[in-house]
Structure formats: structure tokens, C-alpha cells
Asks: 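Have a look at the structure that comes next, please.
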Amino acid sequence: MNLEEKIRNVQDFPKEGIGFKDITTLICDGEGFKLAVDRMADYLREKRVDLIVGPEARGFIFGTPVAYALGVGFVPIRKPGKLPSEVETIEYDLEYGTDILEIHRDAIKPGQRVAIVDDLLATGGTTAAAVKLIEKLGGQVVCLEFLIELTFLNGRDKLDGYDVQTLVQYD
Ligand code: 5GP
């Protein structure tokens with residue numbers, strides 16, 4: 001099965017000129033969703049990860065089944081004000097303005113091997129911020145895994161030195 005065929009391109013969303021990669025068409029297809037999660041989990045199996053970290057919100061969709069398949073825990077990274085206990089916070093630059101992400105301070109123990117799972121790598125800003133949060137807590141980031149990579153946005157440049165794995169690439 002070709003995963004790319006299950007991903008819908010929505011032109012001019014959320015703004016004119018952007019071709020949004022819509023993963024809802026993939027995840028409502030049982031076979032397609034299972035194949036995507038199985039492939040992501042297979043790649044991570046030899047990495048001996050202790051935890052999967054997934055950024056809100058589509059990182060939850062792929063990160064939790066991958067964690068379940070590996071039998072490891074899942075840690076959410078969320079927008080500000082959503083996590084109930086003590087948090088570590090990071091502010092990072094967007095094309096226009098800044099954004100903030102948070103993680104529970106006690107979610108990762110120093111030395112734990114962590115993989116970040118998200119649906120899509122674009123500019124790499126979200127993932128670079130997530131990496132910093134994990135490393136602030138003493139976690140060791142062993143893999144960054146995405147269903148989709150928009151290669152023309154050069155997100156890998158911001159993630160130099162990390163193991164970046166993607167299943168479907170758009171040039
Ligand atoms: P980045 O920080 O790499 O520029 O953007 C990646 C984040 O934005 C991911 O968390 C991803 O969910 C979201 N994102 C950006 N563009 C798209 C897109 O075309 N499709 C989907 N599904 N997510 C996107």
C-alpha cells in the first residue's frame with residue numbers, strides 16, 4: 001500500500017498558497033493507519049527508547065499508538081496552560097511571532113532515551129523546541145520520527161546531528 005495516496009492535499013489551507021497535508025484521510029483508513037504506525041514503531045524498535053514524546057495535537061495521534069506498540073510510555077508536549085502540574089516552558093520563533101510549548105517537569109528522568117513522534121516535519125521549529133525541552137529535563141533524544149517531510153522547507157537544517165526519520169517526502 002502507498003501511504004502517500006491516503007494523504008489528502010488541501011490547497012490554500014490555512015492560508016492562500018499553502019498546500020496542507022491532511023492526515024485525517026489516512027487515519028480514517030484502518031489499513032493505512034495501521035501500516036503507518038507499524039512502520040514508525042518498527043524503525044524505533046532497535047533504538048531502545050524508554051519514552052515517546054508527541055507534540056500537540058497530531059503528535060498525539062501517531063505518538064500514542066507507537067508508544068503502545070513498543071510497550072513504552074507516552075509524554076505529551078502541549079500549548080501553554082493545558083498541563084495541570086509543574087511545567088518546563090520554551091518560547092520559539094514562528095514565521096510571524098512566537099509560540100510556547102510546555103512539558104511536565106517530572107515526565108522525563110535524566111538519561112532516559114526519548115524519541116519524538118509527530119505527523120509532519122515542515123520548518124523544524126516545533127521539533128527543535130521539543131528537543132530543547134527534553135534535553136532541559138536531562139532526556140537523551142535518540143530519534144525524531146515523522147510520517148511526512150516537506151523537504152523543500154529544509155527542516156533537517158534545524159535538527160542537525162539528530163537521527164531524523166520520515167516515511168513520506170514531498171519535494
Ligand atoms: P514546523 O514547526 O516543522 O514548521 O511545523 C510542523 C508542525 O506543524 C507539526 O506539528 C505539524 O502538525 C504542523 N503542520 C504544519 N504544516 C502541516 C501540514 O501541511 N499538514 C499537517 N498535517 N500538519 C502540519
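What you see is a predicted model; the values in this text were computed from it and never measured. Start at 1 with the first residue, then count along the sequence. We count ligands from 1, going down the list as the structure has it; atoms in each ligand are counted the same way. Just so you know, these numbers use all the heavy atoms, side chains as well, and skip hydrogens, waters and symmetry mates.
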Asks: Check whether any side-chain heavy atom of Thr24 lies under 4.5 Å from a side-chain heavy atom of Arg8, and answer yes or no.
Replies: yes
Asks: Is there side-chain contact between Tyr162 and Thr127, with heavy atoms separated by less than 4.5 Å?
Replies: no
Asks: side-chain hydrogen bond (donor to acceptor under 3.5 Å, both in side chains) with Gln11: which residues, sequence neighbours excluded?
Replies: Asn9
Asks: Lys79 side chain to Glu56 main-chain N or O, any donor-acceptor pair under 3.5 Å?
Replies: no
Asks: Please output the residues near ligand 1 using a strict heavy-atom distance under 4.0 Å, listed in chain and residue-number order.
Replies: Phe20, Lys21, Arg58, Asp118, Asp119, Leu120, Ala122, Thr123, Gly124, Gly125, Thr126
Asks: What's the verdict on side chain to side chain contact (heavy atoms under 4.5 Å, CB included) for Ile27 and Phe33, showing C-alpha distance, side-chain angles and the deciding distance?
Replies: CA-CA 5 Å; Ile27 63 173; Phe33 187 32; 3.6 Å; yes
Asks: Could you check if a side-chain atom of Val142 sits within less than 4.5 angstrom of a side-chain atom of Asp163, using non-hydrogen atoms only?
Replies: no
